[in-house]
Protein chains: 2
Amino acid sequence: MTLDARKKNVLMAIVQDYIATAEPVGSRTIARKYKLGVSSATIRNEMADLEEMGYIEQPHTSAGRVPSDQGYRYYVDHLMKREEFDSKEAKLVLNSYLTKKQEIGHVLRNAGQLISQITNYTGVVMTTSLGRGSLKHIQLVHMGIGQSMVVVVTDAGAVHHRIIDIPETIQAADLETITKVLNHKLQGKTIENIRLTLIKEIYFELAKQKYILDMAMDVIQEGLSLETGEKIYLGSIFNILNQPEFHNIEKVKVLLSLLENEQELANIMSDVFQESGVTVRIGEELEDGRLKDYSLVLGTYRMEGKPAGSIGLLGPTRMDYARAFAVVEYMTDNISMVIERLMRWRSK
Amino acid sequence: MTLDARKKNVLMAIVQDYIATAEPVGSRTIARKYKLGVSSATIRNEMADLEEMGYIEQPHTSAGRVPSDQGYRYYVDHLMKREEFDSKEAKLVLNSYLTKKQEIGHVLRNAGQLISQITNYTGVVMTTSLGRGSLKHIQLVHMGIGQSMVVVVTDAGAVHHRIIDIPETIQAADLETITKVLNHKLQGKTIENIRLTLIKEIYFELAKQKYILDMAMDVIQEGLSLETGEKIYLGSIFNILNQPEFHNIEKVKVLLSLLENEQELANIMSDVFQESGVTVRIGEELEDGRLKDYSLVLGTYRMEGKPAGSIGLLGPTRMDYARAFAVVEYMTDNISMVIERLMRWRSK
DNA sequence: GTTAGCACTCTCCCAAATTGAGTGCTAACA
DNA sequence: TGTTAGCACTCAATTTGGGAGAGTGCTAAC
């Protein structure tokens with residue numbers, strides 16, 4: 001499993017050249033471009049060995065070699081030189097979230113787009129469950145005769161709202177009363193807490209408004225549990241089409257059909273999710289067959305020190321991993337920082 | 001400018017055949033498939049005339065003819081037989097918006113997707129200014145020490161929120177007081193009303209909280225004016241890739257670069273916007289050069305009888321206009337109805 | 001005014017030939 | 001024993017050339 005120095009050099013050359021050119025790379029190219037001090041014949045021998053070991057493959061006889069998933073894996077784990085990423089523009093964008101405070105969703109959406117722009121791959125961002133959400137505030141707003149809006153604010157900073165129909169006799173003042181009771185009884189409670197005992201009390205207190213309460217409870221429940229569901233933000237898809245692998249439409253279709261299905265994407269990303277650091281899944285390591293030619297590089301952003309979501313990118317297996325790692329690392333760090341500040345109240 | 005009956009028939013045959021097959025259509029095909037009672041030679045003569053008049057074009061000598069933008073235009077205006085669209089599934093989806101009441105944004109997003117699915121073109125939905133929004137409710141929620149959330153509800157049913165930093169000395173009770181004053185003074189007011197005189201009163205009343213008020217006013221302003229901006233919802237992009245014209249990637253790229261830029265798309269759609277009925281802009285009639293091979297079919301959905309937004313689809317000029325019209329008409333009618341019901345309070 | 005017939009044009013497709021990049025193997029060399 | 005030069009071989013990609021087919025425009029006859 002361990003490779004001698006020269007094999008490492010050859011593999012590195014192959015991976016780097018293929019990343020740069022997207023063309024299968026031959027022994028002569030390596031001998032010429034990467035001065036390894038040996039002839040192409042020697043390199044051919046090494047390549048034969050590497051192929052046997054599974055690190056590289058030949059699309060067909062008489063073509064150059066291409067790294068296999070395993071080859072990329074070895075490259076990422078042992079050969080790649082880590083880089084630092086830093087960019088004035090990125091910094092500007094990120095700072096703008098802080099000076100003009102933004103909604104979290106907005107921040108994450110833009111983060112995804114930023115990654116797409118920077119890398120020409122597709123940025124992906126996923127929020128994970130923020131744990132059980134608890135109710136911070138509920139408000140019933142009288143919109144007009146017969147309709148009311150229920151607004152739910154959770155301690156995670158999410159706002160959920162819906163219009164409900166109400167009896168026409170209900171006045172704004174009635175809604176205010178209900179609002180008061182609900183807040184008094186339910187503030188700080190999680191969905192389980194609510195279910196268990198409190199409801200009866202409230203129904204007792206507001207017996208006349210049973211219908212409205214039913215609706216309101218519904219919205220509360222939705223607001224508190226929706227939170228738990230994963231949410232996905234995609235960067236631009238356009239950018240990744242600049243990659244030469246997308247010369248044929250079928251690939252575009254496959255990718256799009258997957259990216260447009262939020263649920264599937266969420267599942268895939270959840271599989272990759274890990275506590276800390278930057279992870280990569282290469283080609284077939286991603287369990288979904290449609291992604292066999294893609295790699296997913298994901299980092300974890302945090303809140304209160306706890307993982308709060310993934311941020312990363314999806315690109316062809318032939319991607320610039322060093323740069324991808326650097327960008328993802330940069331973004332996770334910064335987004336963690338931004339979120340921490342936007343939601344300072346949670347971290348004391 | 002007016003065509004005799006036979007020319008009309010020939011043009012109609014060409015348009016219909018091209019729509020169905022995406023292949024240039026020749027004189028023999030027409031003679032064979034569409035029994036016009038004349039030979040292919042006669043049709044050739046007619047076609048020569050039609051070409052001279054600008055209704056059809058030849059990709060190259062010895063290819064069949066293809067309708068020009070002008071040809072499609074004539075077809076749409078004079079030849080096309082209007083159809084009715086009706087679908088069980090669509091009805092189901094639309095009804096689900098009503099039984100389980102949904103947020104408007106959610107309804108519109110899904111409407112776009114529904115169109116994409118039904119037609120294999122790309123559904124587009126745009127909300128236009130709902131006129132000056134007025135403030136329905138404002139709420140300051142204490143999130144924790146030093147931070148508060150401002151929630152703004154407008155009479156259009158939109159909810160806008162943001163986290164703001166507040167002095168650490170401020171308690172939940174203080175925020176409640178501010179909330180009360182703000183609601184008392186500002187409810188029902190539009191952004192202009194607010195600016196003019198009221199602010200001073202409020203600042204006077206709540207002199208100590210100047211800082212918070214500044215932030216809150218900011219959020220209010222944002223909430224009320226954001227409303228005015230157009231918002232775009234796109235259906236699935238995947239579906240349109242099934243159209244044969246997308247065999248080459250460049251087209252996909254051009255389309256995507258445009259679709260991903262909300263602002264540009266909004267401009268284009270605004271140009272097409274019209275008070276009532278279903279409109280179509282064909283190819284070069286759309287001013288944007290990138291859309292020269294596309295047509296946009298748009299309808300207007302309404303609220304309180306007034307136009308509230310556009311809903312329609314974008315597809316290749318070679319699209320099934322009859323069906324597109326029918327679907328768009330169906331969707332505008334239904335979405336108007338759904339929105340009317342969801343926002344019943346506005347229409348009395 | 002309509003039609004049959006025909007020469008002409010142009011694309012598309014196929015097969016054969018050519019090119020060129022790259023390999024594997026072998027024999028010689030250090 | 002590891003390295004290298006050389007060479008035969010393979011295979012995809014490109015080029016070439018020749019139909020085949022679709023379609024047109026024109027003309028002369030009906």
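Chain naming here is simple, since letters A, B, ... match the order of the sequence lines and numbering starts at 1 in each. The shown structure was predicted, so the numbers you read here are calculated from the model rather than taken from an experiment.
Among the nucleotides C/dG5, C/dT23, D/dA5, the one closest to any side-chain atom of B/Arg44 is C/dG5. Among D/dA12, C/dG24, D/dG25, the nucleotide with an atom closest to any side-chain atom of A/His60 is D/dA12.
In this structure, B/Gly37 and B/Thr61 both approach DNA chain C, and ranking their closest nucleotides by distance from the 5' end singles out B/Gly37. Comparing B/Gly64 and B/Ala41 by the nucleotide of DNA chain D whose heavy atom lies nearest to each, the residue mapping closer to the 5' end is B/Gly64. Positionally, the nearest nucleotide of DNA chain D for A/Val38 lies more toward the 5' end than for the other of A/Val38 and B/Ala48.
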Exercise for review: Applying side-chain contact (heavy atoms from CB on, under 4.5 Å), run through B/Tyr74 and B/Val15 and close with a yes or a no.
Suggested key: CA-CA 10 Å; B/Tyr74 192 90; B/Val15 173; over 6 Å; no
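Salt bridge annotation for A/Glu285-A/Lys292: absent, with no cationic side-chain nitrogen under 4.0 angstrom from a carboxylate oxygen. Under a 4.0 Å N-O distance rule, the pair B/Arg323/B/Glu83 does not qualify as a salt bridge.
Taking 4.0 angstrom as the limit, B/Ser39 places none of its side-chain polar atoms (N or O) nearer than this to OP1 or OP2 of C/dT2. Phosphate contact (OP1/OP2 of C/dG24, side-chain N/O of A/Arg65, threshold under 4.0 Å): present. For D/dT3, one of the phosphate oxygens OP1 or OP2 lies less than 4.0 angstrom from a side-chain nitrogen or oxygen of A/Arg6.
Atom OH of B/Tyr55 and atom CG of B/Leu50 lie 8.5 Å apart (nearest 0.5 Å).
Across the protein-nucleic acid pair, B/Ile56 atom CD1 and D/dT24 atom C1' stand 12 Å apart, rounded to whole Å. Atom pair A/Asn45:CG and C/dA27:C1' shows a separation of 14 Å (rounding to whole Å applied).
Within a 6.0 Å radius of CZ in B/Arg290, other residues, nucleotides and ligands contribute more than 12 heavy atoms. Atom CZ of B/Arg28 is surrounded by 12 or fewer heavy atoms from other residues, nucleotides or ligands within 6.0 Å.
Across all strands shown, the partner of D/dC30 is C/dG1, judged by Watson-Crick or G-U wobble contacts whose two distances both fall under 3.5 Å. C/dT26 is paired with D/dA5 under the criterion used here, namely a Watson-Crick or G-U wobble arrangement in which both key atom distances are under 3.5 Å. In a base pair of the Watson-Crick type (N1 to N3 plus N6-O4 or O6-N4) or a G-U wobble (N1-O2 and O6-N3), with each distance short of 3.5 Å, C/dA15 is matched with D/dT16.
Below 30°, between 30° and 60°, or above 60°: for B/Tyr330 and B/Phe85 the angle between ring planes is above 60°, a perpendicular geometry.
For the segment residues 9-35 of chain A, the set of residues with a heavy atom within less than 4.0 Å of an atom of DNA chain D is empty.
Donor-acceptor pairing under 3.5 Å, judged by distance alone, is present between the side chain of A/Ser62 and the base of D/dT10.
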